[in-house]
Structures are given as structure tokens and as C-alpha cells.
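This report concerns only the one structure given below.
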Amino acid sequence: MSRIIISLLFIVLFSTISFTQDDVTSLVGSLLADTPLEEDLQELCDDIGGRVTGSIANEKAVEWAYQKFQEAGVTVEKDPFEMPILWLAEGSSCTINEIDFEPLVVSKYNTMPGSYSGELIFVGKGTTEELDAIGDAALNGQFLLVESDLCLDINALFAEYAHATKVEMEAYHRGAQGIIFMSSRPNKVLYRFLTSMVTADNIIPQLIMAREDAMRCIRSIRKGKKLTVNMTIAAKTGPAFTSHNIIGEIKGSEKPEEIVVIGAHIDSWALGTGANDNGGNVNVMIDIARQMRKLSIKPKRTIRFALWNGEEQGYFGSWDYTLDHESELDKHIMALSVDIGSGAINGFFTNGRAELLPIVQKVLKPVSALGDFSHVNAPIVGTDNFDFMLQGVPNLVANHMPQVYGQTYHATSDTYDKVDLRQLKINSAIIGALALGFANLPDDDAATLTQQNRTEVQKIFDEFNLEFTMRMFDVWEPWVNEERGLKSK
């Protein structure tokens, strides 16, 4: 920790930052100095571990975070909400008798438990053209083995999500019994993705197979061998249950009814320990709140520090918050989600709200030497800003340099040692300055941050062609049917 602190203090003391002696200056200095951030993150990752919503570890994490806020002197509550289903993996196994082989596999989320068997058909990337060439008769009742490109960054990650969704729909309509995707990560790293059916029984079983094992199967098939796959998927399943967000709050001194929300999700997948996704940023939220209380900072507007739960399965915790606080959402001037690892923050997604751009630039001026910021006015679907966007609330998502986020995403390799601790400290200072800057905005600036209506939100979706992406995360139909987000008036 000492080397991290020395290097960060060097940035503060000898950079080109031109600070004035105000609350932002004090907060940034405090966040870059010696804080419990590193020790807290190690506790969360190593002592508690992976935190799938509904697991004992997740419940321990909720209590742990609640206690951290209390110790910091921050007003905090455990905010209950309903998760629609329980699904906790208990193991998957696979054998291929013809080559006496037991490949490493992991099931996708919500794949129903059971035993399955069928011929393994290699379908290349699983494009429409490749599947047409094989023919539906050959695919019917069998398992498709789908080749994957390497995932090296977040762009490749979203491309993998999109492609997997297309393959899933093609496989279903062609009568396939199931799909086995080659892992997009090398060195037998496994990870867990969602299926496109989040809240209902999954259409067909889906597995991720270790990249090297999938390649072995492909070589055997290309040599003319007919492979039969036998798999067993075990999972603990159940009906709806209660989970909890953790909401800390520092009340505004002048306009307490106006609210800035900054958040990160505390749940994770259990294959790793949820370090970059999203334990590091959970601890950023705790540390910002802690340092604000330590410095007796009194923001003009209320700042809420949200540790969301149920994010991985469909951002259910943040969705529930927007329902519970619907009557005051017109007073939420900004909602921020931080959920792309510990790489350097290089700007923010403003999610189709162009009026946010000059304000973000203004509030980041005190930390301009901590990053080369370039903002993107494009909407992000896939994290806890989403339901604020559906409700017309101005929202941001932190944009990060890739670091190792793509390679470790939802994977066995997402562990404490992969976190860039030095950069995480710098990121905490950037987020702290942003949050306090929004909380202390002049009234004229804050007045431009209004709640949109449904037509205005739909215009963003149309402009950026978001229908497929929203279908990919099983949230398009709920929006169209007005089960989620703003209602027509």
C-alpha cells in the first residue's frame, strides 16, 4: 500500500492540477492518501468470495457492507426487494465417450438441472449461413458446438453476448437440443453468461466448454469421428425470494430533496471472487462515503451511495429502487453506475443525454490531471444505470480502459490479484469529485437535468437502435409492454 500512496501523493503535489482549497480538493486528497480501500477489497474478495444473489456469501456481503457504512458514520439501510427466481449452480459435468474425454464445462445462468445426451455437431461460428449449410434435419435434437473468437476487451465481450443470443435463437428454431460454446478465454478459463431468458425456464441447455477442450473436440469431428455428448447440470433452483440493496446517504445541506445517486453492484458470479466485477467499485463507493464523513463534508444536495444486488441476473435491485422511489425520481438529478473494472477511467457514457456533457466536463476540471477524459453520448444497456434511463433520469456510466476486464469477466480468473489497486485509488478520486460536483452544482446547471418522458426515452432507443441489445438482455418486451420504466400518459 505504501508505494501506491507515495505515487498518488506525487500526482497530487507535483501535477499540473490547479486546485482551490475547497471540499472537492480535500476529498480528492483524502481519497488518494492512505485509506482502508485495499484491505476492505481483500476482505470482500478473499474472506467472503463470490457473491451470487441468493447465496450465503451474498447475504454475508450485505451485512459486511452495511457494517462498513455504519463504521464510517454514514446513514445506511438494507433495502429489500424481490428476486424473481433462485438459481445457484452446483456443478456441471460432461463426457464424450468416443474419445474417452471429460472436458471442463460450466452451465450458463438459468439452464435447468438435468441430464442430457446427443450428438455434438460442429457448426463453426453458428452463423445463419453455416447452419443452413448443415441443414435443420442434421441439427434437430443434437448439440451445437460453436467456435468463439478470443475476448480481449469489452467491445469483444459485447460482441460475444450479441452473437450468443443470435445463435441461441437460431438453435431453438432449428430444433437443436442444446448449445456448447467454446470459451473465449485461453488457458482453460471458464465463465458464466446469462441466457436470453432470465426470469423463466431457459429454452435449451447451454454450456461453456474450456477453449482447449473444445478445440480437441473440433479436431476429432474434422477427422470424421461422430461424438456423443453426455452432460449433467446440477443447480439449486427455487421461486421468488427477498434480497437486499445497501443504500448509504449523506443528506444535502441546502436542497436535501434533490438527489445524486452513485452506485456499484455488490453481487457477482461465483466462479471467481468478483474482484473487478465489481468488488473494486463497491469499495470505491464505501471509501468515498467514508472520506466525506471523515472530512465533515456537507454537500448541497443529498448523495446516495448504492450497492445494488441482483445486477448480474438483470439489475433487479436498481429496478426495484426506481419503483420504490418513483415519486421522487423527478428530483434525481443524476444516477451513476461504475461497473467496468479497475482500468483507468477515461470518461463517461452520457447515455443519450447530451446536456450532461458540458456539466460532466465542468465537474471533472479539479481532477483533469488524473485522466485524459473523453465522453461518449451513447446509451449503455447491461448495468444499473438502465432503469434510471427507462425512468428518464439523467444517468452516467463510467468508461474505463480495458485492463483485464474482458478476459476476467464472470470468470474463474476474476480475483483480487487482477485488480489495479493504484488505478482504483485514482478512480475513487475521479468518482468522488464527480459526485460532489453534481451535488454542489449551481442551480442553473441543475435545472437542465430534468426527467424525460416516455416519448423522449423511446427517441433515444430509436436513435441508437437499441432494440436488439435490449432483447439480448431480456428487457425489450418489459419496456414495450410498460411493465418496466415510464408509462404512457
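For the numbers below, each heavy atom of this structure counts, side chains included, while hydrogens, waters and symmetry mates do not. Because the structure is a prediction, the values reported are computed rather than measured. Along the sequence shown, residues are numbered consecutively beginning with 1.
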Report task. Return yes if some donor-acceptor pair links the side-chain N/O of N351 with the main-chain N/O of I380 below 3.5 Å, else return no. Result -> yes

**Report entry** Verdict with reasoning, D339 to T383, per side chain to side chain donor-acceptor pair (under 3.5 Å)
**Finding:** CA-CA 7 Å; D339 187 20; T383 190; 2.7 Å; yes

Query raised in the report: When you measure from the side chain of N377 to the backbone N and O of R353, does any donor-acceptor pair fall under 3.5 Å?
Result: yes

Query raised in the report: Is there a donor-acceptor contact under 3.5 Å from the side chain of S30 to the main chain of L27?
Result: no

Query raised in the report: Any side-chain heavy atom of N385 within less than 4.5 Å of one from L396?
Result: no

Query raised in the report: Do other residues, nucleotides or ligands put more than 12 heavy atoms under 6.0 Å from the CZ atom of F241?
Result: yes

Query raised in the report: Got a donor-acceptor contact below 3.5 angstrom from the Q206 side chain to the T111 backbone?
Result: no

Query - Ion pair check, D40 and R290, cut-off under 4.0 Å - result: yes

Report summary line: Closest heavy-atom pair, R185 versus C151, reported as atoms and distance to 0.1 Å, is NE-CB, 3.9 Å

Query raised in the report: Does NZ or CZ of R301 fall inside the cone over F438's six-membered ring, less than 6.0 Å from its centre and within 45° of the axis?
Result: no

Query raised in the report: Are the side chain of D414 and the backbone N or O of N276 linked by a donor-acceptor pair below 3.5 Å?
Result: yes

Report task. Check the surroundings of atom CD1 in I56: do more than 12 heavy atoms from other residues, nucleotides or ligands lie under 6.0 Å from it? Result -> no

Query raised in the report: When you look at E463 and K459, which way does the salt bridge (charged side-chain N to carboxylate O under 4.0 Å, His left out) test go after all the steps?
Result: CA-CA 6 Å; E463 179 182 353; K459 185 177 179 181; over 6 Å; no

Query raised in the report: Do the side chains of W479 and L390 get nearer than 4.5 Å, heavy atoms only?
Result: yes

Requested in this report: Determine yes or no for a side-chain-to-main-chain donor-acceptor pair under 3.5 angstrom, with N58 supplying the side chain and R51 the backbone.
Outcome: yes

Requested in this report: Indicate the atoms forming the closest heavy-atom contact of V419 with A275, along with that distance.
Outcome: CG2-CB, 3.7 Å

Query raised in the report: Does the side chain of S243 come within less than 4.5 Å of F81's, by heavy atoms?
Result: yes

Query - Output field: ring centroids Y161/F473 closer than 6.0 Å - result: yes

**Report entry** Lys/Arg cation over aromatic F193: K108, 6.0 Å, 45° cone
**Finding:** no

Report task. Determine yes or no for a side-chain-to-main-chain donor-acceptor pair under 3.5 angstrom, with H400 supplying the side chain and P402 the backbone. Result -> no

Query - N395 side chain to H332 side chain, donor-acceptor N/O pair below 3.5 angstrom - result: no

Query raised in the report: Take atom NZ in K125; do more than 12 heavy atoms of anything else shown fall under 6.0 Å from it?
Result: yes

Query raised in the report: In terms of heavy-atom contacts, does CZ of R293 have more than 12 from other residues, nucleotides or ligands at under 6.0 Å?
Result: no

Query raised in the report: Are more than 12 heavy atoms from other residues, nucleotides or ligands located less than 6.0 Å from atom CG of D372?
Result: no

Query raised in the report: Are the side chains of I359 and L441 in touch, meaning some heavy atoms are under 4.5 Å apart?
Result: yes

Query raised in the report: Minimum heavy-atom separation for V393 to L329, with atom names?
Result: CG2-O, 3.8 Å

Report summary line: Exactly one candidate in E328, E77, E258 meets salt bridge (charged side-chain N to carboxylate O under 4.0 Å, His left out) with R304; the answer is E328

